[in-house]
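Structure first, then comments.
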Amino acid sequence: MPSDRCWAEVCFFSLNTNGTKLFGFSELLAGLALMVLAWTIADVRYRFRVRTAPIPLQGLTFFVVAAVGVLTLLTDLWRAQGWLVPAGNLLTPAAWQAILAGLLLFTFLTWTWFAFIRPPTFGKHNAQRYARTLYRFILRGAPAELGVIADELAHSARALVRYATDRGALKNYVPEHAQDQRRPAPPKVEAYANDLLLLIADRRLCRAIVESSPGTALAIFQEMGEAKKYGIQVETFARNIVTQALENKDSFLYHEAEGYESGLIGYHKPLSQAMFSNHDMVEIVGTMLDPDIWGKTQWDAAQWEAYCRLVLMAFRAYIKEGARNHSFVLYRAKGYIESAASDLYKLNGLSSTWDNDAVQRLRVVVDFIKDAVKVLDEKAVPGHVRLRSREAHGHPRENFYDHLASMIFEVIFHASSVKSPQDECWTIQHNSLWSELFNFNRLDGAAGRVVKFKTRRLLYDEIVEMEGFPNFKGARILGFCLNVMGLKRREGDYDKDSRALHTAVLAWTQQHYASLYRYNPRVAQACLVDGLTYDSRNHRIVKTYLAEGLRREAHYVYLEVDPAPEIQEARE
């Protein structure tokens, strides 16, 4: 192209106003319109991805588009005016337009790459940006947004677990300030990973994870299991996930029930298995089986049943791994479950309780006890388990045989608060509780026999304690035993495993009841449920079966008791 003028060996020529036009300002505006439309209709998922990219994509995009726009506008103006441009083959007008168009295209493709093709995950290059973006979304707390963010977190599960600080298996036994003194300041990415694990424990986000993205929780706990990093800061996250799952009856805990109810998911139980089939994880995390202390008081029978399934899964893993050490997590869970029947006293005096939720919760607790004993029966009773824990053998070391016996004792104590009417008292104390555990050869395995023996011992010891200290707890236990086992020894084998206790309780009652009545009539009266009365004149306890149903007339059963010592001496 002929040059117009030259200065110091640099020649310039006038730009051809009719030259080839590959990319101009009009094309830029059309492209920007499409890009703006795409960015405007993009939902929160893609905005989150763009904001957490390893490069400051939004800022770079603005400056690139602004620069391309200005240069394109100047190029069109230069061409229209025919102004001078340097001569040479290094950068032709067509190549210049191609560069500007390429920059715009590259910017769009970069957005597309991070928004659709390869979503960014938490890492060294975007740790701060990822944390800030997630913090803003969680702080805003919009339910529709949190559902999407919860799903996006699954992509970063591996990185979060990988970079987070593992405080080790003894983290629950070492004070936090002592741990901080031992460790040097963590790297930036590790510190942000620790903060994010605390951040995602937000209850609103946990609710969104349970409702719409349980795969996120599955990914986190699976990664913990594979990496064997159980000491990372997921205590609050784990507790809130379980709590929200129990509150939401459409959550994975209710769908991962049994195979005949839930199909393949019920057989595999993917999330429940990932969280609770690894006892080391359950014990070190420490909060998976610790529900909200106030929320659990509002649980119904279905929620307690779901919770019991989780505890049984963790208990089975604990026994399978040899039950090497005392499990604080399972011990606390045992206490929570036995408290599910603690409000049975509200049924006292009600005429119909069959469909009452308190009775349904009692049945859930009884079923849990039976299932837990079956788990113990899967292995032989260890040699160190003693039927009786005597101080002569050293300080007794309790195990889960003792814990289950104690659990049965506490549930019996709760049920003993129901004393009337007679039929409902019998239904709750005998049909729903006692006969399910002690009659008809139930719990007849090796572990079951040990647990029942320890339970009988606890019951009898509580009754015998009233010899030196008459109290209402022992009185209620005695009343329960007299009600469910009767005032007379029975024939047959259906109650053979409680016959020894029955004999001992009747003998103690015959020997001490009159003295107890003389010492404190209120405590003695607390030993009697509806249908049982004490005939002080004839020194006998009377069981009355009213004339109802097919019984044409009342029937009475008597238990003769020894007179109080003072009365006996007076008679002699």
Would you verify whether the NZ or CZ of R118 falls within 45 degrees of the ring axis of W111 while also being under 6.0 Å from that six-membered ring's centre? no
After noting the C-alpha distance and the side-chain angles of V161 and Q222, does the key distance pass the side-chain contact (heavy atoms from CB on, under 4.5 Å) rule? CA-CA 10 Å; V161 173; Q222 278 185 337; over 6 Å; no
Has S406 got a side-chain atom pairing as donor or acceptor with D402's backbone, closer than 3.5 angstrom? no
Nearest 0.5 Å please: distance from the CZ atom of F368 over to the CZ atom of R309. 13.0 Å
Once rounded to the nearest 0.5 Å, what's the spacing between atom CZ of F106 and atom CD1 of I99? 14.5 Å
Electrostatic pair D290-R332, nearest N-O below 4.0 angstrom: yes
Salt bridge or not between E145 and R136? Use side-chain N to carboxylate O under 4.0 Å. no
Donor-acceptor pair, T297 side chain versus W294 backbone, under 3.5 Å? yes
Just checking, is any N or O donor in the side chain of S213 or T216 under 3.5 Å from an acceptor N or O on the other one? yes
Evaluate whether atom CZ of R204 has more than 12 neighbouring non-hydrogen atoms of other residues, nucleotides or ligands under 6.0 angstrom away. yes
Between the CG atom in L146 and the CG atom in D202, the distance rounded to the nearest 0.5 Å is 7.5 Å
Please give me the minimum heavy-atom distance between E256 and S272, naming the atom from each residue. OE1-OG, 2.6 Å
So, the side chain of N126 versus the backbone of A53: is there a donor-acceptor pair under 3.5 Å, distance only? no
Taking atom NZ as the centre, does K370 end up with more than 12 heavy-atom neighbours from other residues, nucleotides or ligands that are less than 6.0 angstrom away? yes
Can you confirm if the aromatic rings of F137 and F48 lie within a centre distance of less than 6.0 Å? yes
Applying side-chain contact (heavy atoms from CB on, under 4.5 Å), run through V373 and L437 and close with a yes or a no. CA-CA 10 Å; V373 172; L437 300 176; over 6 Å; no
Show the nearest heavy-atom pair for residues N248 and Y254, with the distance to one decimal. O-CE1, 3.2 Å
Give the C-alpha distance, both sets of side-chain angles, the deciding distance and a yes or no for side-chain contact (heavy atoms from CB on, under 4.5 Å) between V364 and D367. CA-CA 5 Å; V364 169; D367 288 340; 5.7 Å; no
Kindly say whether the aromatic ring centers of F315 and F400 come within a distance under 6.0 Å. yes
Measuring from I138:CD1 to L199:CG, what's the distance to the nearest 0.5 Å? 3.5 Å
Minimum side-chain heavy-atom gap V411-I408 below 4.5 Å: no
If we only count heavy atoms from C-beta on, is the L310 to M275 side-chain gap below 4.5 Å? no
Taking every non-hydrogen atom, the tightest pair across V242 and M288: CG2-O, 3.4 Å
Please confirm whether the backbone N or O of Y318 pairs with a side-chain atom of E321, one donor and one acceptor, at under 3.5 Å? no
Give a yes or no on whether the backbone of A157 and the side-chain of E223 come within a donor-acceptor separation of less than 3.5 Å. no
Should we say atom NZ of K228 is surrounded by more than 12 heavy atoms from elsewhere, each under 6.0 Å from it? no
Return the orientation label for the Y130 and F122 ring planes: parallel under 30°, perpendicular over 60°, tilted otherwise. perpendicular
Going through the distances and angles, do D292 and K296 end up as a salt bridge (charged side-chain N to carboxylate O under 4.0 Å, His left out)? CA-CA 6 Å; D292 178 55; K296 69 182 180 64; over 6 Å; no
Does atom CZ of R140 have more than 12 heavy-atom neighbours from other groups under 6.0 Å away? yes
What heavy-atom pair brings P270 and L218 nearest, and what distance separates the two atoms? O-CD1, 3.7 Å
Is any side-chain heavy atom of N278 closer than 4.5 Å to one of Y230? yes
Should the pair R132 and Y135 be classed as cation-pi, given the thresholds of under 6.0 Å to the six-membered ring centre and 45° from the axis? no
Take E190 and K124, measure what salt bridge (charged side-chain N to carboxylate O under 4.0 Å, His left out) needs, and give me the verdict at the end. CA-CA 9 Å; E190 181 178 337; K124 294 181 179 179; over 6 Å; no
Mark yes or no for whether T287, through its side chain, and E235, through its backbone, hold a donor-acceptor pair below 3.5 Å. yes
Charged N to carboxylate O below 4.0 Å: is that the case for K374 and E378? no
If you draw a 6.0 Å radius around CZ in R363, do more than 12 non-hydrogen atoms from other residues or ligands fall strictly inside? yes
Please assess L443 against V451 for the test side-chain contact (heavy atoms from CB on, under 4.5 Å), listing each intermediate value before the final yes or no. CA-CA 9 Å; L443 305 186; V451 171; 5.7 Å; no
Under 3.5 Å, is there a donor-acceptor pair between the side chain of R361 and the main chain of A301? no
For E211 and R207, run salt bridge (charged side-chain N to carboxylate O under 4.0 Å, His left out): C-alpha distance rounded to whole Å, both residues' side-chain angles, the deciding distance at 0.1 Å, then the answer. CA-CA 6 Å; E211 289 177 353; R207 187 181 302 118; 5.1 Å; no
The reported gap from OG in S432 to CD in Q360 (rounded to nearest 0.5 angstrom) is 8.5 Å
For the residue pair Y163 / N194, report whether a side-chain donor-acceptor contact shorter than 3.5 Å exists. no
Verify the distance criterion only: is there a donor paired with an acceptor across the side chains of Q244 and S251 at less than 3.5 Å? no
May I ask you to test the I200-L134 pair for a side-chain heavy-atom distance under 4.5 Å? yes
The reported gap from CZ in R203 to CD1 in I209 (rounded to nearest 0.5 angstrom) is 14.5 Å
Minimum heavy-atom distance M407-V365, with the two atoms named: CE-CG1, 4.1 Å
Under 3.5 Å side-chain donor-acceptor pair for H255 and D250: yes
Only residue of I55, V50, T61 satisfying side-chain contact (heavy atoms from CB on, under 4.5 Å) with T110 is I55
For T72 and V68 the tightest heavy-atom approach is OG1-O, 2.6 Å
Output yes when a side-chain donor or acceptor of S342 lies under 3.5 Å from a complementary backbone atom of S339, and no otherwise. yes
Distance flag, aromatic centroids of H326 and F328, threshold under 6.0 Å: yes
Would you say the side chain of R316 lies within less than 4.5 Å of the side chain of S277, judging by non-hydrogen atoms? no
Decide yes or no for Y336 and L289: does some side-chain heavy atom of the first lie under 4.5 Å from some side-chain heavy atom of the second? no
Taking C-beta and beyond as the side chain, do K229 and M224 meet within less than 4.5 Å on heavy atoms? no
What do you reckon, is NZ of K320 surrounded by more than 12 foreign heavy atoms closer than 6.0 Å? no
Are R49 and H155 close enough that some pair of their side-chain heavy atoms sits under 4.5 Å apart? yes
